[in-house]
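In what follows, every chain begins at residue 1, and chains take the letters A, B, ... in the order their sequences are listed.
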Amino acid sequence: MSAHRSVYRKNVKVAERKGAGGWLAERLSSLVLVPLTLWALWSAAMIAGTGYEGALAWFAQPLNAWVLAATWLITLWHMNMGITVIVEDYIHKRSTLGLLLGLNTLICLALAVVGLLFITRLAVGSDPLPAGFGV
Amino acid sequence: MSDPLSGTPADPAGPPRFYTLQPNGRIRPTSPHLQIWRWHVTMLGSILHRITGSGLVGGAVLVALWLGALAFGPGAYDAFVGLAGSPLGLIIWFALSLAGFYHLASGIRHLVWDTGAGLSPRGASTLTTVTLVFTVVAALAFWGWLFASGKVTL
């Protein structure tokens, strides 16, 4: 991305001094996602087969909605870092690299916003969409 | 063996594609690629970690669609569940659960390695094999439970 302003000394690229933070963020998000993923799998099994009313009842529990929102955001953060690493490893053309990294972040942000909107509406018991959007 | 300073292969007939030109003009050997290494299970583990991680992006999109269907009311939700519960839908969820269990277990494997433990060749291979076996067992147990309890039916 354009944020990468590589520094060269004697024509050799030197460290960008942001590796440790990224490394820690990967580990921290992984560590937190271990229990959250198990909880999500358990929740999926609890919701499966309960239909529309059952799913709404699950969201009516505030703790479920809050933990799901946290899981959603941390998952997308982790996903963004993972896809970034893969793209950086295999794409060497500057323009394609920038495009794909931008697209990756754009998709993660879009999923975060849309997901949080749905989770919030389900948690507070809003009328089904598109209610509230001029209908 | 080659001379790392001159970058000249000790065997003149050696394949020159193992050498690369650095920005400062020096010739440096490159790491051997897949077809050079003897196959080992940690290699499969690493490749699978990336493939499953990428595949789970699709899972995140499906979860977003599920949330959307639920937020759009009973009609949209029933349509979503109808597709998700179809044979093709169940195959996709099963594949995603395999990817999820693998990425989870493999991620824990990486966290263990990050502590410095299990990094001997034998230990690393054992840990990776355990990860692979766990993936299959966990996914089958998860779906066995879902079907046996009647939560999911065909």
Min side-chain heavy-atom separation B:Leu44-B:Thr128 under 4.5 Å: no

Nearest-0.5 Å distance, CZ of residue A:Arg27 to CG of residue B:Asp114: 4.5 Å

Contact class of B:Tyr77 relative to chain A, heavy atoms under 4.5 angstrom: side chain

Pairs of heavy atoms under 4.5 Å with chain B: top-ranked of A:Thr37, A:Leu56, A:Leu41: A:Leu41

Heavy-atom pair count under 4.5 Å with chain B, highest-scoring of A:Ala45, A:Gly51, A:Ala44: A:Ala45

A:Gly102 backbone acceptor or donor facing A:Thr105 side chain under 3.5 Å: no

Side-chain donor/acceptor of A:Trp58 to backbone N/O of A:Thr50, under 3.5 Å: no

A:Thr71 and A:Trp39: side chain donor to acceptor below 3.5 Å: no

Region of B:Leu67 in contact with chain A, defined by heavy-atom distances below 4.5 Å: both

Side chains of B:Ser106 and B:Arg109, donor plus acceptor under 3.5 Å: yes

Region of A:Ile47 that comes under 4.5 Å of a non-hydrogen atom in chain B: side chain

Portion of A:Val114 that has a non-hydrogen atom of chain B nearer than 4.5 angstrom: neither

Winner by heavy-atom pair count (cut-off under 4.5 Å) against chain A, out of B:Leu146, B:Thr153, B:Leu111: B:Leu111

Selection from A:Leu31, A:Leu111, A:Val34, A:Leu76 maximising heavy-atom pairs under 4.5 Å formed with chain B: A:Val34

NE2 on B:His110 to OG on A:Ser30, rounded to 0.5 Å: 9.5 Å

Most contacts with chain B, counted as non-hydrogen pairs under 4.5 angstrom, among A:Phe118, A:Trp23, A:Tyr52: A:Tyr52

Heavy-atom pairs under 4.5 Å with chain A, option from B:Ala64, B:Pro74, B:Gly107 with the top count: B:Pro74

Most contacts with chain B, counted as non-hydrogen pairs under 4.5 angstrom, among A:Leu38, A:Leu129, A:Ile119, A:Asp89: A:Leu129

Close side-chain approach of B:Trp66 to B:Val81, heavy-atom, < 4.5 Å: no

Proximal component of A:Ile83, with respect to chain B [non-hydrogen, under 4.5 Å]: side chain

Proximal component of B:His103, with respect to chain A [non-hydrogen, under 4.5 Å]: side chain

Per-residue contact mode, A:Thr75 against chain B (heavy atom under 4.5 angstrom): neither

Between B:Val63, B:Val152, B:Leu70, the one whose heavy-atom pairs under 4.5 Å with chain A are most numerous: B:Leu70

B:Phe101 versus chain A, the contacting section by heavy-atom distance below 4.5 Å: side chain

Heavy-atom side-chain proximity of A:Asn64 to A:Leu68 below 4.5 angstrom: no

Sidechain N-carboxylate O distance under 4.0 Å for A:Arg121, A:Asp127: no

